[in-house]
Trainee: 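Before we start, here is the structure in question, set down as structure tokens.
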Amino acid sequence: MVKKTIKTQAEGRNGQIDFEIEINDNYINDLTVTKSAETPAIFNQAFAKLKDEVISEQSFEVDAISGASIMTQAMLDSGKAALLENNVTLNSKTKNISHKEEILTADVVVIGSGMAGLMAASRALSMGKSVIVLEKNGYLGGATALNGSNVVATGSKLASKLFGQDAKKDTAKLLFDDITRESRGTNYPQLSNLLVNNIGRAIDFITDFADLTYQKAETQTIEHSVDRQVEMPTQSSYEIVMKVAKAFEEKGGKIILDARVEQLKQNNQGELVSLVAEGRHQTLKVNFKSLILAAGGWGARDYQKHKTNIPYYGPMTSTGDYFDFTKDLNLISRNLDWYKVYPHGLEVEPGIAKLTTYSTKEATDMGAIFVNTDGKRIVNESAPYTHFRDAIAEQKDQVAYIVMDERTWNRFYELLLKYGFTADEVQGFFDLDGKKSPVLVKGDLATVAQKAGINAEVLQKTVASYQEAVKAGQDTEFARPAKFMHEFEGSTYYVIEQKLRYCTTLGGYETNNQMQLLNTDLTAVKNFYAAGEIIGGANGHDSMPSMMNSWSYASGFVAGTAAADNTNFYQVEPTDAASGASSK
């Protein structure tokens, strides 16, 4: 038996992927990734599926994974080249896969496997309905898989358990008032009320349904007037997605990946009764009594069309396909130019950002300051993040810099590695030496200013002035609370770029209070419901931390309930999707 390990590399979406091919007598025994800068929540799922197919077919001539095609195709190409270079000839089992057509029927069909879709599907399933989830990608989670796991627990049994008597300080009205204040009154009261009155029931439901464990969120952000934020112990929404999906399938639900919805069909009465979904090797024709649209936002579409110059950090699969397959229904939409803009980001490649939220928040608590290219402070660093966001937007180059000492950097770096960065990736940024974005530089104050392109003389004065303010215990410039002001230690400084970034879209389609979609006549579309990011307005033009996840929970819970109830009063015989239901 001849056994060897072939090491190779591929250029993924976010950088180099190193992997090993274990060969036994011209047989692929295993694939192992040793280095990757890809988003773990997506990469782990995509690679696991790719690995299974390569080993099963003993070939790298298999399909890339939908929604992760750049990185998986790169790995396939590199694998083929590596075997050729090492004179390995496989006894491939590759078979021609014929394109199949299948007709399915369910009470409720859900489009999208993010948390809004999984919540809706789980709720409908718990009410005794047959449920199918269709996901266009080859992996679960949508944009949810890229988020933290924070949600609010207002009005829940979970809140009473975690916060004790303090949970009584929180009410649905208080949460509504916080939403209204932080969005500056741009929220839609009907949807905000739906959120605040259902988030408690939603989180209690899904906790029981999927046997989830929550804890108090490590960070209770200042935007919330009371402590109400909770999270998974791992702080990972990917964990929630996988656990909920597993529970859903174990209890009888069906999830179909690589199923891109392309057409909705109506019967002769103009009621939605079926859809057509396409995959690489399948065409699905699905009959339903209720349909729930939970397909996420359209941020990648607007990034690709250059509709905004703000760097994008979301999934490239957020392309708003529903604007095409629902166009004949004349759905009413609003605020399609609203984006959820955050200030804590590194532009890791032109137009593409990665978040540094957790690192930046910790750095501010430890005394870091934010300056512009003129070397001047621009904001109270401990104010709500919207203040920092607006301060960056006001700068002529729309960029700011965190200035910190080595003590703070060590913690900042620790959290970068915990939330999506690799050590090699960060070192690569430092190797750029400030010559292009993202700017990460270290040295004495004059050196970091010169490398980052900051006015060195003004920065020296700014730091000196801040040090004096710390000693005096009073920030006369921005009224920063003294508890967050700490003297810089030592002579080594770190300067880190901060740019605006967006992923989530905040506008979308309109619904009634049952999450039923409305057409331009403000009439509810029969059998059609929606949840999550595609429905805009609950959080207004902005949202507090944890509130986009909270909206996916609450809206999914309501949509799932309403869609299940709708099947009880369904009076139209479903039309076989294969038999030519009209496509209006």
Side-chain angles (χ1 to χ4, degrees), residues 1-102 113 134-142 145 242 245 254-262 276-284 300 304 315-317 319 321:
M1 177 181 290
V2 179
K3 181 178 180 179
K4 60 181 174 180
T5 298
I6 300 172
K7 297 183 178 182
T8 188
Q9 302 85 34
E11 191 61 32
R13 182 70 184 83
N14 296 330
Q16 184 174 296
I17 302 169
D18 293 349
F19 65 103
E20 298 177 350
I21 310 169
E22 184 182 304
I23 301 291
N24 281 354
D25 285 340
N26 294 329
Y27 181 90
I28 300 176
N29 193 52
D30 198 10
L31 298 180
T32 305
V33 172
T34 57
K35 171 187 170 185
S36 170
E38 302 302 303
T39 304
I42 296 174
F43 182 74
N44 291 345
Q45 293 185 71
F47 173 68
K49 188 173 182 180
L50 190 76
K51 174 180 173 178
D52 286 346
E53 293 184 5
V54 168
I55 293 176
S56 172
E57 300 196 21
Q58 286 298 296
S59 173
F60 285 95
E61 295 284 354
V62 299
D63 290 332
I65 305 303
S66 299
S69 57
I70 292 177
M71 59 188 176
T72 51
Q73 187 60 57
M75 294 184 74
L76 292 172
D77 293 342
S78 295
K80 283 185 284 187
L83 295 186
L84 183 63
E85 184 179 336
N86 286 270
N87 299 313
V88 174
T89 301
L90 299 172
N91 181 20
S92 297
K93 303 176 182 178
T94 305
K95 51 187 178 293
N96 292 324
I97 303 175
S98 60
H99 193 94
K100 67 177 182 179
E101 292 191 2
E102 187 175 3
S113 69
L134 302 176
E135 169 57 58
K136 70 175 181 178
N137 295 318
Y139 56 87
L140 296 168
M242 300 310 292
K254 185 178 182 66
I255 297 175
I256 304 175
L257 302 178
D258 189 25
R260 184 184 66 257
V261 175
E262 295 196 343
V276 177
E278 295 286 353
R280 280 196 177 97
H281 304 295
Q282 64 184 353
T283 296
L284 299 177
Q304 291 163 349
M316 288 302 168
T317 54
T319 51
D321 304 351

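As a basis for the values below, the full set of heavy atoms in this structure was taken, side chains included, without hydrogen atoms, waters or symmetry mates.
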Trainee: Would you say Val33 and Met75 make side-chain contact, with heavy atoms under 4.5 Å?
Mentor: yes
Trainee: With rounding to the nearest 0.5 angstrom, report the CG to CG distance, Asp258 to Asn137.
Mentor: 9.0 Å
Trainee: Any pair with a residue in residues 52-89 that passes ring-ring contact (aromatic ring centres under 6.0 Å, His included), sequence neighbours left out, goes on the list, sorted by first then second residue, please.
Mentor: none
Trainee: Checking Phe43 now: which residues fulfil ring-ring contact (aromatic ring centres under 6.0 Å, His included) with it, not counting sequence neighbours?
Mentor: Phe47
Trainee: Do the non-hydrogen side-chain atoms of Thr32 and Glu22 ever get within less than 4.5 Å of each other?
Mentor: no
Trainee: Considering all heavy atoms of both residues, which atom of Ala300 and which atom of Pro315 are nearest to each other, and what is their separation?
Mentor: CB-O, 3.5 Å
Trainee: Who are the side chain to side chain contact (heavy atoms under 4.5 Å, CB included) partners of Met242, not counting sequence neighbours?
Mentor: Gln45, Leu140, Tyr238
Trainee: Side-chain donor-acceptor contacts of residues 77-85 below 3.5 Å, not counting sequence neighbours, with atom names and distances?
Mentor:
unit_1: Asp77; atom_1: OD1; unit_2: Gln73; atom_2: NE2; d: 2.9
unit_1: Ser78; atom_1: OG; unit_2: Gln9; atom_2: O; d: 2.7
unit_1: Ser78; atom_1: OG; unit_2: Ala74; atom_2: O; d: 3.0

Trainee: Looking only at heavy atoms, which two atoms of Ala68 and Ile42 are closest? And how far apart?
Mentor: CB-CG2, 4.3 Å
Trainee: Would you compute the distance between atom CD1 of Ile17 and atom CD of Glu11 and round it to the nearest 0.5 angstrom?
Mentor: 8.0 Å
Trainee: Only counting residues at least two apart or in another chain, list the ones meeting side chain to side chain donor-acceptor pair (under 3.5 Å) with Gln282.
Mentor: none
Trainee: Does any part of the side chain of Leu76, heavy atoms only, come nearer than 4.5 Å to the side chain of Val54, both counted from C-beta?
Mentor: yes
Trainee: With sequence neighbours left out, write down each residue that passes side chain to side chain contact (heavy atoms under 4.5 Å, CB included) with Asp321, or none if nothing qualifies.
Mentor: Lys136, Arg260, Thr319, Phe325
Trainee: With sequence neighbours excluded, tell me which residues meet side chain to side chain donor-acceptor pair (under 3.5 Å) with Lys4.
Mentor: none
Trainee: Which pair of non-hydrogen atoms, one from Ile28 and one from Ser59, has the smallest distance, and what is that distance?
Mentor: CD1-N, 4.4 Å
Trainee: Okay, side chain of Thr283, backbone of Glu278: is any donor-acceptor separation there less than 3.5 Å?
Mentor: no
Trainee: Quick one: side chain to side chain donor-acceptor pair (under 3.5 Å) partners of Asp18, sequence neighbours excluded?
Mentor: Gln16
Trainee: Measuring from atom CG of Asn29 to atom CD1 of Ile55, what distance do you get when rounded to the nearest 0.5 angstrom?
Mentor: 7.0 Å
Trainee: Between Thr5 and Ile23, is any pair of side-chain heavy atoms under 4.5 Å apart?
Mentor: no
Trainee: What are the two closest heavy atoms between Ala259 and Leu284, and how far apart are they?
Mentor: CB-CD1, 4.1 Å
Trainee: Please report the shortest heavy-atom distance between Leu50 and Val62, naming the atom on each side.
Mentor: CD1-CG2, 4.4 Å
Trainee: What pairs meet the salt bridge (charged side-chain N to carboxylate O under 4.0 Å, His left out) rule with one or both residues in residues 40-52, with sequence neighbours excluded?
Mentor: Asp30-Lys51
Trainee: Check the surroundings of atom NZ in Lys35: do more than 12 heavy atoms from other residues, nucleotides or ligands lie under 6.0 Å from it?
Mentor: yes
Trainee: Donor-acceptor pair, distance only, cut-off 3.5 Å: does the side chain of Thr317 make one with the backbone of Gly67?
Mentor: no
Trainee: Leu134 and Ala277: which non-hydrogen atoms are nearest, and at how many Å?
Mentor: CD1-CB, 4.3 Å
Trainee: Going by the rule side chain to side chain donor-acceptor pair (under 3.5 Å), which residues pair with Thr8 if we only count those two or more places apart in sequence or in a different chain?
Mentor: none
Trainee: Should Asn26 and Asn91 count as side-chain neighbours, where that means a heavy-atom distance under 4.5 Å?
Mentor: no
Trainee: Under 3.5 Å, is there a donor-acceptor pair linking the side chains of Ser92 and Gln58?
Mentor: no
Trainee: Under the rule for side chain to side chain contact (heavy atoms under 4.5 Å, CB included), what residues qualify as partners of Ser98, not counting sequence neighbours?
Mentor: none
